[in-house]
Protein chains: 2
Amino acid sequence: MSEIKRTGRDTGLPDFDIGQFLPYRMTLAAQILSETLSRAYRDRFGLSIPEWRVLAHLATVDGASVRDIESRVAMEKSKVSRAASRLEARGLLSKQGNPEDRRLVHLTLTAEGIALMRDLLPLAEAFQRRIEDHLGAEFQAFDAQVQAIIDGFGAKGP
Amino acid sequence: MSEIKRTGRDTGLPDFDIGQFLPYRMTLAAQILSETLSRAYRDRFGLSIPEWRVLAHLATVDGASVRDIESRVAMEKSKVSRAASRLEARGLLSKQGNPEDRRLVHLTLTAEGIALMRDLLPLAEAFQRRIEDHLGAEFQAFDAQVQAIIDGFGAKGP
DNA sequence: CGATATTCGTTGCACATGCAACGTTTTTCT
DNA sequence: AGAAAAACGTTGCATGTGCAACGAATATCG
């Protein structure tokens, strides 16, 4: 379907089609999924993706430090910090000092934050099911391959 | 392996693990691949990802407009425009007005740009093979699933 | 116990990004 | 043909981002 029109002059370069290049394809697929979701988050809840990720993690493990979230959801600590500040300003979470280790900031969902997530999470779960349905029986295998990429290239290779 | 510690208070929210959420996992996998490559591009050639994409497309179809590239490599036209300007400043491509339609800008690799791509493309191809080897026999199926996501969610669904 | 190193979270800064607006050129419509 | 609409590429502006530096707090070591 996506044939390559080789219209230009001949450069003598090896054949290369970025549309068949896996890193590009993965980025594109991820971007398509994220943008679909992102639009919903923004339109209905006024949330950015970093904000959503922070809330999502707190929904699972309520009570976490910035560092916890940084390692869990693959975001730089400065990104987490700023997202948390915006969420605090909106009253969705609260920051408290941790008395046992006063370097840590303890993040907790407020009642309002919990209420928002009660509306938001079903949406996310529905989207996950929609993808699973779309991919059909091979979904499990696909997911395993995604994991293989994460495991295989996350740590530095030789 | 990645069990979820449910340490915090109970919020009554549905169970949700962002680590199992496919949009997040796809983004993470794509990010890992891109960052590995991106580091190589930057360290050895001083290229950003947008710049690399523009060059990659021109390596395939030498001679293209900004709009062509925008639709081919999934980048906004402003992003393409700025990347092209930087590449022109470095002498890797040249911009010429198109005499047939003077709204268009005709982008072409310079000799220097071609030489750079002659060094760069084998690196990209090697990386692609490395991923294919890593994923093994199921790679074809995996790639088809990636395509299914691109096709299925790219156009707006109901 | 005291000095040094490390961890945590925030912030300043330079830079990349998306979006809208713009001037120019071409296409479409009456 | 002439007017209105659309397409193309660039740029201004507000905002998001990564990185390094920082102050505060804790851990480690002699």
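These numbers were taken from a predicted model, which means no experiment stands behind them. In the text below, chain A, chain B and the rest are named by the order of the sequence lines, each starting its count at 1.
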Go along nucleotides 15-29 of chain C 5' to 3' and tag each nucleotide: B for a protein heavy atom under 4.0 Å from its base, S when only backbone or sugar atoms are that close, - otherwise. --SBB-----BS---

Ring centroids only, cut at 6.0 angstrom: are B/F21 and A/F127 within range, meaning strictly under it? no

May I ask you to test the A/P23-B/L37 pair for a side-chain heavy-atom distance under 4.5 Å? yes

Can you list the steps and then say if A/L58 with A/I69 is a side-chain contact (heavy atoms from CB on, under 4.5 Å)? CA-CA 8 Å; A/L58 290 179; A/I69 297 181; 4.3 Å; yes

Just compare C/dC8, D/dT11, C/dT10 and give me whichever is closest to any side-chain atom of A/L104. C/dC8

Separation of A/R67 atom CZ from C/dT6 atom P, in whole Å? 15 Å

So B/K95 and B/H106, do their side chains get closer than 4.5 Å, heavy atoms only? no

When rounded to whole Å, the CD1 to P distance for the pair B/I49 and D/dG18 reads 12 Å

Side-chain N or O of A/K95 closer than 4.0 Å to phosphate OP1/OP2 of C/dG9: no

Would you call A/E70 and A/R67 a salt bridge, taking side-chain N to carboxylate O under 4.0 Å as the test? yes

Should the ring pair B/F153 and A/H134 be called parallel, tilted or perpendicular, given that the plane angle runs from 0 to 90° and is split at 30 and 60? perpendicular

Hey, does the side chain of A/S81 come within less than 4.0 Å of C/dT10's phosphate (OP1/OP2), counting only N and O? yes

Protein-nucleotide distance (A/E70, atom CD; D/dT17, atom C1'), rounded to Å: 14 Å

Between A/D68 (CG) and C/dG9 (C1'), how many Å, whole number? 13 Å

